[in-house]
Amino acid sequence: MIRPGLVSITFRKLSPRQIVDLVVQAGLDAIEWSGDVHAPHGDVAKAREIAQMTADAGLSMPTYGSYYRVGHRADVPFPDVLVSAVALGTPTIRVWAGKVGSAEADADYWNGVVADSQRIVDLAATEGIGIAYEFHGNTLTDSAESARRLLEEVNRPNLRSLWQPPKGSTIEQNRAGIDTLAPWISHIHTFSWRIEEGQTIRLPLDEYAIQWKEYLARISALGGDRYALLEFVRGDDPAQFLADAVTLRGWLSADG
């Protein structure tokens with residue numbers, strides 16, 4: 001089953017209390033809290049406050065959206081990320097697979113990301129927490145093929161990948177990408193964007209209804225429980241978010 005939620009970074013300027021209230025109003029089930037604004041890496045007191053607030057509202061926290069860049073240990077100390085995740089009570093930490101696209105990464109860089117991935121996955125496992133890569137450009141998970149290679153080389157049972165449509169990708173490419181990553185797909189970052197003259201244009205979620213209905217159905221057919229997490233709505237507008245939440249809930253209800 002796929003349940004609906006929100007990535008908190010969608011509303012950088014809102015407080016955690018405002019975000020919780022908005023998610024409840026939207027009828028969603030979960031929040032991925034961000035590690036660079038709302039639940040800062042290493043701030044255990046803040047994480048505990050947010051965890052209580054979220055639980056009191058009856059919401060889940062399927063992932064902690066950290067900004068740890070694998071292979072770049074000095075930027076954000078992973079122990080800070082881990083203590084925040086423990087305090088939140090989330091089962092998964094989202095990380096980024098380096099800072100270099102797969103086509104530009106040489107063997108040394110690739111091996112460094114593999115080794116650091118194994119290190120942090122094993123550390124997280126001591127707390128019963130899994131790791132999931134952000135599926136994103138300018139990282140080693142910028143394509144389904146590269147992400148699969150990385151997942152296979154790290155070779156850890158508690159390592160997975162989030163999924164989202166890469167910028168500029170076609171529906172055919174995304175079908176194939178979902179199939180390629182099927183054994184590892186955890187949660188789904190859900191948005192509606194169009195690229196015009198190199199610029200990202202945000203749209204209401206239902207603008208891409210045909211595509212998203214197919215993607216969600218394809219992932220749902222894999223079995224297991226996941227969350228489709230809304231992010232980066234048009235105009236950073238809470239009213240647009242509420243409308244998108246209605247759309248997403250409708251899709252998931254029809255599918256489930």
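Computed over heavy atoms, backbone and side chain alike; hydrogens, waters and symmetry mates excluded.
- Of the inter-residue distances, the one linking Ile131 atom CD1 with Gln118 atom CD reads 13.0 Å to the nearest 0.5 angstrom.
- In this structure a side-chain-to-backbone donor-acceptor pair under 3.5 Å is missing from Asp116 to Gly112.
- A side chain to side chain contact (heavy atoms under 4.5 Å, CB included) with Val7 is found for exactly one of Thr190, Leu230, Ile31, Leu229, namely Leu229.
- Taking a cutoff of 4.0 Å between a charged side-chain nitrogen and a carboxylate oxygen, Lys13 and Asp236 do not qualify as a salt bridge.
- Without hydrogens or angle criteria, Ser8 side chain to Ser34 main chain gives a donor-acceptor distance under 3.5 Å.
- In this model, a donor atom of one side chain and an acceptor atom of the other lie less than 3.5 Å apart for Tyr133 and Ser117.
- Interatomic distance, Glu153 CD to Arg149 CZ, rounded to the nearest 0.5 Å: 4.5 Å.
- For the pair Phe135/Pro165, no side-chain contact is recorded, criterion being any heavy-atom separation below 4.5 Å from C-beta on.
- Atom CD of Gln199 has 12 or fewer heavy atoms from other residues, nucleotides or ligands within 6.0 Å.
- Under the 6.0 Å cut-off for aromatic ring centres, His72 and Tyr67 do not qualify, their centroids lying 6.0 Å or more apart.
- At least one test fails for Arg234 against the ring of Trp193: distance under 6.0 Å to the centre or angle within 45° of the axis.
- Among Thr92, Leu123, Val86, the single residue meeting the side chain to side chain contact (heavy atoms under 4.5 Å, CB included) criterion with Ile129 is Val86.
- When all heavy atoms are compared, the tightest approach of Ala57 to Val20 is CB-CG1, 3.6 Å.
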Derivation of the salt bridge (Lys or Arg N to Asp or Glu O under 4.0 Å) call for Asp36 and Arg12: CA-CA 9 Å; Asp36 71 339; Arg12 285 180 174 273; 3.3 Å; yes

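- Taking the six-membered ring for Trp and the full ring otherwise, the centers of Tyr215 and Trp163 sit less than 6.0 Å from each other.
- The aromatic ring centres of Phe11 and Phe241 sit less than 6.0 Å apart.
- The aromatic rings of His38 and Trp33 sit perpendicular to each other, their planes meeting at more than 60°, with 30° as the lower class boundary.
- With hydrogens and angles disregarded, no donor-acceptor distance shorter than 3.5 Å links the side chain of Ser84 to the backbone of Val81.
- Looking at heavy atoms from C-beta onward, Asp206 lies out of side-chain contact with Ser192 at the 4.5 angstrom threshold.
- The closest side-chain donor-acceptor pair between Thr63 and Glu32 falls under 3.5 angstrom.
- Counting only N and O atoms by type, the side chains of Ser60 and Asp29 include no donor and acceptor under 3.5 Å apart.
- For the pair Arg160 and Trp184, the cation does not sit on the ring face, since its NZ or CZ is not both under 6.0 Å from the ring centre and inside 45° of the axis.
- Here OG of Ser220 is found 8.5 Å from CE of Met1. Values are rounded to the nearest 0.5 Å.
- Residues Leu150 and Ala97 approach most closely at CD2-CB, 3.8 Å, considering heavy atoms.
- In this model, a donor atom of one side chain and an acceptor atom of the other lie less than 3.5 Å apart for Lys167 and Thr200.
- Counting non-hydrogen atoms of neighbouring residues, nucleotides and ligands closer than 6.0 angstrom, the CD1 atom of Ile195 exceeds 12 such neighbours.
- Ile188 places none of its side-chain heavy atoms less than 4.5 Å from the side chain of Tyr227.
- Within 6.0 Å of CG on Asn111 lie more than 12 heavy atoms contributed by other residues, nucleotides or ligands.
- Comment: Glu214 engages Arg218 in a salt bridge, judged by a side-chain N to carboxylate O separation of less than 4.0 angstrom.
- A distance of 6.0 Å separates OG1 of Thr126 from CG of Leu82, quoted to the nearest 0.5 Å.
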Could you go through the salt bridge (Lys or Arg N to Asp or Glu O under 4.0 Å) check for Asp21 and Arg17 one step at a time? CA-CA 6 Å; Asp21 291 346; Arg17 176 76 269 167; 3.0 Å; yes

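- Here the shortest heavy-atom pairing between Pro40 and Tyr64 reads C-OH, 3.7 Å.
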Check step by step if side chain to side chain contact (heavy atoms under 4.5 Å, CB included) holds for Ile185 and Arg226. CA-CA 9 Å; Ile185 292 176; Arg226 298 174 178 82; 3.9 Å; yes

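- Between Leu248 and Ala228, the closest heavy-atom pair is CD2-O, 3.6 Å.
- Tyr68 has its ring centre less than 6.0 Å from the ring centre of Phe78.
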